[in-house]
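To start, the structure under review is shown below, and the notes come after it.
All residue numbers in this chain count up from 1 along the given sequence.
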Amino acid sequence: MGELPLDINIQEPRWDQSTFLGRARHFFTVTDPRNLLLSGAQLEASRNIVQNYRAGVVTPGLTEDQLWRAKYVYDSAFHPDTGEKVVLIGRMSAQVPMNMTITGCMLTFYRQTPTVVFWQWVNQSFNAVVNYSNRSGDAPITVRQLGTAYVSATTGAVATALGLKSLTKHLPPLVGRFVPFAAVAAANCINIPLMRQRELQVGIPVTDEAGQRLGHSVTAAKQGIFQVVISRICMAIPAMAIPPVIMDTLEKKDFLKRRPWLGGPLQVGLVGFCLVFATPLCCALFPQRSSIQVSRLEPELRARIHQQTPGDEVVYYNKGL
């Protein structure tokens, strides 16, 4: 067996990202919870394989499948723009185990005000870490900006949850079960833009098709953040809409009436089952490397691009996750 060739493009995902199926296969790999079990040494080994290959150095005996595995391990733990190792709970591979626990508890403990406040706070704390860890670009964000985003999103989520909870007192119990979803959706509309406000101020890097950086665009940042908000809300729909209907039916059965302690674990399990599929499929709604027409960019950046590369009609950017 000869040495692995150097013409494999590991700058891009293994599967065609112009199709939903290709993006879904990519994100099923990226969000694989088993990546959380990898040791620091395994992560560093994967990073070395990827960086060496990009530098033209092939690890002896490396196969193409091993190269792609290393690339996905690397992508699961390191930020694509900064190269920093992402904190454990901020990685996309932590989405399913973390969200199934938090969402399951939000759906289980939705009746009492203290538990509503607590689990909405836990959820927004987790979201703040995820949104910061998976932001687009490499622009820094200040502690004050982080604090503003965190407090605003948490306040919005708790206010929405408590407000809707009070409105559903005289409605069927099933309606009350959907209050956590409404709060999560509202909080996503607040948390993500605020946590990524730096991008809305200075823009995110845009590149040509070859990956050459052309400048920073606020317009691209707005488009990317909007896509992420839609993906996150869609991601929450199956996990927060299907289990409540099932649990509302099961809780009327004698089996759960005799074993009420099973309600929480069963709800968490149902949420987890939904998230295993919803997380990668909703991440795949929009290409990770999104594109935008040059004509839609800011006038100064548009003029610069037309001057440098007059043939370019489309530029690309990392939308974040």
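Contact annotation: the side chain of Cys234 approaches that of Ile230 to within less than 4.5 Å [non-hydrogen atoms, C-beta and beyond]. In this structure, Gln267 and Leu270 have side chains that are not in contact, with every pair of non-hydrogen atoms separated by 4.5 Å or more. In this structure, Ser217 and Leu297 have side chains that are in contact, with non-hydrogen atoms separated by less than 4.5 Å. Residues Arg91 and Asn35 fail the side-chain proximity criterion, which asks for heavy atoms closer than 4.5 Å. The shortest distance between side-chain heavy atoms of Asn99 and Val271 does not fall below 4.5 Å.
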Verdict with reasoning, Ile10 to Arg54, per side chain to side chain contact (heavy atoms under 4.5 Å, CB included)
CA-CA 8 Å; Ile10 60 170; Arg54 288 173 177 170; 4.0 Å; yes

Stepwise side chain to side chain contact (heavy atoms under 4.5 Å, CB included) test for Ile8 and Glu64
CA-CA 8 Å; Ile8 300 172; Glu64 184 173 351; 3.8 Å; yes

Dump the intermediate steps for side chain to side chain contact (heavy atoms under 4.5 Å, CB included) on Thr207 and Arg289, then the final yes or no.
CA-CA 10 Å; Thr207 68; Arg289 188 186 184 220; 3.9 Å; yes

Please report the C-alpha distance between Ile204 and Asn318 in whole Å, then the side-chain angles of each, then the deciding distance to 0.1 Å, and finally whether the side chain to side chain contact (heavy atoms under 4.5 Å, CB included) criterion is met.
CA-CA 8 Å; Ile204 58 176; Asn318 170 29; over 6 Å; no

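One finds a salt bridge joining Asp65 and Arg14 here, because a Lys/Arg side-chain nitrogen approaches an Asp/Glu carboxylate oxygen to under 4.0 Å.
In terms of heavy atoms, Tyr74 sits closest to Val50 at CB-CG2, 4.0 Å. Between Ala278 and Pro238, the shortest heavy-atom distance links the atoms CB-CG, 3.9 Å. Residues Glu199 and Ala221 share a closest heavy-atom pair of O-CB, 3.5 Å. Across all non-hydrogen atoms, the minimal contact from Met235 to Cys283 is CE-SG, 3.8 Å. Minimum heavy-atom separation, Thr219 to Arg296: CG2-O, 3.4 Å. Closest heavy-atom contact between Thr101 and Pro97: OG1-O, 2.9 Å.
Annotation: the span from Glu300 atom CD to His216 atom NE2 amounts to 15.0 Å, rounded to 0.5 Å. From Ile225, atom CD1 reaches atom NZ of Lys319 across 11.5 Å, with rounding to the nearest 0.5 Å. Taken from CZ in Arg232 to SG in Cys189, the straight-line distance is 12.0 Å, to the nearest 0.5 Å. Between the CZ atom of Arg69 and the OG1 atom of Thr63 there is a distance of 12.5 Å, given to the nearest 0.5 Å. The line from OH of Tyr316 to CG of Leu214 is 11.0 Å long, rounded to the nearest 0.5 Å. Taken to the nearest 0.5 Å, the SG atom of Cys274 stands 10.5 Å off from the CE atom of Met100.
One N or O on the side chain of Gln223 and one on the backbone of Ser291 form a donor-acceptor pair closer than 3.5 Å. When atom types are taken as modelled, the side chain of Thr59 and the backbone of Leu62 share no donor-acceptor pair closer than 3.5 angstrom. Without hydrogens or angle criteria, Gln95 side chain to Met92 main chain gives no donor-acceptor distance under 3.5 Å. At distances below 3.5 Å, not a single donor-acceptor pair connects side-chain atoms of Ser290 with backbone N or O atoms of Phe286. Judged by distance alone, with hydrogens and angles left aside, the side-chain atoms of Asn123 form no donor-acceptor pair with the main-chain N or O of Trp119 at under 3.5 Å. Between the Gln17 side chain and the Gln288 main chain, no donor and acceptor come within less than 3.5 Å of each other. Listed for the Thr279 side chain is no donor-acceptor partner under 3.5 Å among the backbone atoms of Val276.
Phe118 and Val151 fall within the same hydrophobic cluster, where Ile, Leu, Val, Met, Phe, Trp and Tyr residues are linked whenever their side-chain heavy atoms come under 4.5 Å apart, directly or through other members. Linking Ile, Leu, Val, Met, Phe, Trp and Tyr residues whenever their side-chain heavy atoms come within less than 4.5 Å leaves Val218 and Leu301 in two separate clusters. Cluster annotation: Ile292 and Val314 are assigned to distinct hydrophobic clusters (Ile/Leu/Val/Met/Phe/Trp/Tyr, side-chain heavy-atom contacts under 4.5 Å, transitive). In the hydrophobic clustering of ILVMFWY residues, with side-chain heavy atoms under 4.5 Å counting as a link, Leu36 and Ile102 come out apart. Hydrophobic clustering (ILVMFWY, side-chain heavy atoms < 4.5 Å, transitive): Ile237 and Phe20 are in one cluster.
Ring planes of Phe277 and Phe273: perpendicular class, angle over 60° (limits at 30 and 60°).
The number of heavy atoms from other shown groups lying within 6.0 Å of CZ (Phe226) does not exceed 12. The number of heavy-atom neighbours closer than 6.0 Å to CD of Glu209, taken from other residues, nucleotides and ligands shown, is 12 or below.
Between Trp15 and Tyr72, the ring center distance clears the sub-6.0 Å criterion.
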